Amino acid sequence: VLDERHTGLVFDRHFDVPMMEEGDRAVLQFVVTGHGWAKTEDHCGEFCHSIYKLDFNKGKKFNVVLWRDDCKDNPWGPNEEGTWDYARNGWCPGSVEPGLFMDVTEAVREGQNELQVDMQVQNEMTKKY
């Protein structure tokens with residue numbers, strides 16, 4: 001959870017990767033929800049358009065955008081009431097979200113690794129991150 005800021009470090013984790021044999025792959029499952037925004041400047045939860053910046057071992061970087069603008073395609077259709085048709089960050093009401101599966105084999109190494117996840121949130125007024 002971000003604490004009283006617009007952007008910044010979400011987390012910094014160390015993890016071990018066992019010895020990999022030829023043909024083995026390392027896959028990251030990355031899932032985002034609208035929870036944990038109470039202490040941010042934006043308080044926009046799942047309605048914030050965000051870029052997640054993943055940095056493995058202070059070297060290999062990935063930018064991840066999980067924006068969903070297809071929430072209006074809810075299987076309940078026009079009979080659904082509420083905000084179900086609004087675009088969201090990472091999920092839509094009524095959907096099952098497995099997240100994003102990323103092949104990070106080239107980003108990790110055998111033994112100790114580090115993953116930092118930073119976040120940039122789009123300003124609703126300026127449309128800049």
Side-chain angles (χ1 to χ4, degrees):
V1 173
L2 298 177
D3 189 19
E4 299 297 336
R5 49 188 174 175
H6 181 71
T7 62
L9 183 66
V10 176
F11 67 81
D12 184 355
R13 296 286 190 272
H14 294 268
F15 61 96
D16 290 317
V17 172
M19 187 173 82
M20 294 174 55
E21 297 181 15
E22 187 174 337
D24 286 349
R25 310 302 296 168
V27 177
L28 170 74
Q29 182 181 14
F30 190 72
V31 181
V32 174
T33 73
H35 300 92
W37 288 79
K39 291 188 174 185
T40 65
E41 292 176 358
D42 291 307
H43 301 283
C44 53
E46 72 265 28
F47 299 106
C48 288
H49 195 289
S50 304
I51 298 174
Y52 300 89
K53 297 180 168 285
L54 284 62
D55 184 349
F56 286 88
N57 300 312
K58 295 186 176 25
K60 184 69 173 170
K61 298 177 181 359
F62 300 90
N63 289 336
V64 178
V65 177
L66 296 172
W67 190 250
R68 296 276 310 264
D69 59 4
D70 61 342
C71 293
K72 65 186 174 302
D73 298 332
N74 183 314
W76 285 100
N79 298 322
E80 180 78 22
E81 294 185 28
T83 62
W84 62 272
D85 60 338
Y86 298 155
R88 288 175 165 79
N89 185 25
W91 72 286
C92 292
S95 65
V96 175
E97 292 302 326
L100 175 68
F101 290 87
M102 301 171 54
D103 185 336
V104 296
T105 306
E106 300 300 320
V108 298
R109 59 183 176 244
E110 183 181 323
Q112 184 73 16
N113 287 267
E114 179 181 18
L115 170 61
Q116 289 184 330
V117 176
D118 288 296
M119 181 175 164
Q120 290 183 319
V121 180
Q122 184 181 55
N123 181 294
E124 286 299 309
M125 301 296 284
T126 66
K127 300 300 183 197
K128 294 182 181 177
Y129 291 93

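Everything quoted here is computed from the prediction, not taken from an experiment.
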Sequence neighbours excluded, which residues qualify as side chain to side chain donor-acceptor pair (under 3.5 Å) partners of Glu106?
-> none
Any pair with a residue in residues 47-63 that passes salt bridge (charged side-chain N to carboxylate O under 4.0 Å, His left out), sequence neighbours left out, goes on the list, sorted by first then second residue, please.
-> Asp55-Lys61, Lys58-Glu114
Identify whether Phe30 and Phe15 are in the same connected component of the hydrophobic contact network (ILVMFWY, side-chain heavy atoms under 4.5 Å).
-> yes
Any Phe56 side-chain heavy atom under 4.5 Å of Leu28 side chain | yes
Can you name the side chain to side chain donor-acceptor pair (under 3.5 Å) partners of Asp85, sequence neighbours left out?
-> none
For Pro93 and Cys71, the nearest pair of non-hydrogen atoms, with its separation, is CD-SG, 4.3 Å
In short, Val108 meets Val17 closest at the heavy-atom pair CB-CG2, 4.2 Å
Do any pairs count as a salt bridge (charged side-chain N to carboxylate O under 4.0 Å, His left out) and have a residue in residues 14-31, sequence neighbours left out, and if so which ones?
-> Arg25-Asp103
Taken in chain and number order and not counting sequence neighbours, the residues that satisfy side-chain contact (heavy atoms from CB on, under 4.5 Å) with Tyr86 are Phe47, Thr83, Arg88
Identify whether Phe11 and Val104 are in the same connected component of the hydrophobic contact network (ILVMFWY, side-chain heavy atoms under 4.5 Å).
-> yes
Can you name the residues that form a salt bridge (Lys or Arg N to Asp or Glu O under 4.0 Å) with Arg68, not counting sequence neighbours?
-> Asp70, Glu97
For Phe101, which residues count as a side-chain contact (heavy atoms from CB on, under 4.5 Å) partner, sequence neighbours excluded?
-> Val27, Gln29, Pro98
Report the relative orientation of the aromatic rings in Trp67 and His49; use parallel for angles under 30°, tilted for 30 to 60°, perpendicular for over 60°.
-> tilted
Find the distance between OH (Tyr52) and CG (Asn89) and round it off to the nearest 0.5 Å.
-> 4.0 Å
State, with a plain yes or no, whether a side-chain heavy atom of Gln112 is found less than 4.5 Å away from one of His14.
-> yes
What is the distance from atom CG of Leu54 to atom CG of Asn63, rounded to the nearest 0.5 Å?
-> 8.5 Å
Non-hydrogen side-chain atoms of Trp91 and Val31 separated by less than 4.5 Å | no
